[in-house]
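Residue numbering restarts at 1 for every chain, and letters A, B, ... go by the order of the sequence lines.
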Amino acid sequence: MTKKSAKIRYWLMKTEPDVFSIDDLQRLGKTAWEGVRNYTARNSMRDDMKIGDLVIFYHSSVDPAGAVGLARVCSAPYPDATQFDEKSEYHDPKSTREAPRWILVDVEFVEKWPAMVTLHAIKAEKALKTMLLVQKGQRLSVQAVEPRHFERVLAMAGSRQAEAVTA
DNA sequence: GCCAACGTTGGC
DNA sequence: GCCAACGTTGGC
């Protein structure tokens, strides 16, 4: 009997490459997605992300900004250790171990694309006009991506995974 | 460096 | 619970 696999979801996660880049992820293999201090982004990781979900890895605050590769959610949600670390810039004095405020997941490296899909290119692509990333004022660092948008970005990237994604 | 947009905080 | 003040994000 074949186990029916749950449908995976698609996400986009932003990072400043000076802090943590796709190359860092490739070198490490996987990482805890530390430092998210926005409730909406946290809620996505805590409530909606599942192991196996695919993530567009996005470099922000860099010129040019854009999507640089793919990652995959590889853990259940658990507390972000940096919130308890007084020496960390992510320390949150209002959070306790009994009731941790910040929850994260681990993500693992899948692939780095031959070339970045720039924000400029995403904005120029008609099929991506409604993608959350390019909506005015939108700045969530962890956001859901519609399957059709996800597919399109992967196609633009020449991703090896592109044909594996079905709508 | 600017600043629009948005999120969070805290006084009331 | 309101909302002004403040802080942050992130493209430009």
### Query
With a 3.5 Å cut-off and no angle check, do the side chains of Thr82(A) and Glu34(A) form a donor-acceptor pair?
no
### Query
Taking only N and O in the side chain of Lys136(A), is any of them less than 4.0 Å away from OP1 or OP2 of dT9(C)?
no
### Message
Just N and O in the side chain of Lys14(A): are any of them under 4.0 Å from OP1 or OP2 of dT9(C)?
### Response
no
Nearest whole angstrom, please: distance from the [atom2] of [N] to the [atom1] of [X].
X: Asp18(A); N: dT9(C); atom1: CG; atom2: P; result: 14 Å
X: Asn38(A); N: dG10(C); atom1: CG; atom2: P; result: 9 Å
X: Tyr90(A); N: dG7(C); atom1: OH; atom2: P; result: 19 Å
X: Tyr58(A); N: dT9(C); atom1: OH; atom2: C1'; result: 11 Å
X: Gln138(A); N: dG11(C); atom1: CD; atom2: P; result: 10 Å
X: Arg139(A); N: dT8(C); atom1: CZ; atom2: C1'; result: 6 Å
X: Met131(A); N: dG11(C); atom1: CE; atom2: P; result: 13 Å
X: Leu12(A); N: dT9(C); atom1: CG; atom2: P; result: 16 Å

### Residue Lys123(A), side-chain atoms from C-beta onward, closest of dG10(B), dC12(C), dG10(C)
dC12(C)
### Task
Please determine, for the side chain of Ser60(A), which listed nucleotide (dT8(B), dG10(C), dG10(B)) has the closest atom?
dG10(C)
### Message
My understanding is that only residues two or more places apart in sequence, or in another chain, count here; which of them pass side-chain contact (heavy atoms from CB on, under 4.5 Å) with Arg152(A)?
### Response
Glu125(A), Ala127(A), Leu128(A), Met156(A)
### Message
Return whichever of Thr40(A) or Lys94(A) has its heavy-atom-nearest nucleotide of DNA chain B closer to the 5' end.
### Response
Thr40(A)
### Task
Please confirm whether Tyr39(A) and Trp102(A) have ring centers closer than 6.0 angstrom.
yes
Show me, pair by pair, the donor-acceptor contacts under 3.5 angstrom made by side chains of residues 113-124 of chain A, not counting sequence neighbours?
{"residue": "Trp113(A)", "atom": "NE1", "partner": "Glu111(A)", "partner atom": "OE2", "Å": "2.8"}
{"residue": "Thr118(A)", "atom": "OG1", "partner": "Ala121(A)", "partner atom": "N", "Å": "2.9"}

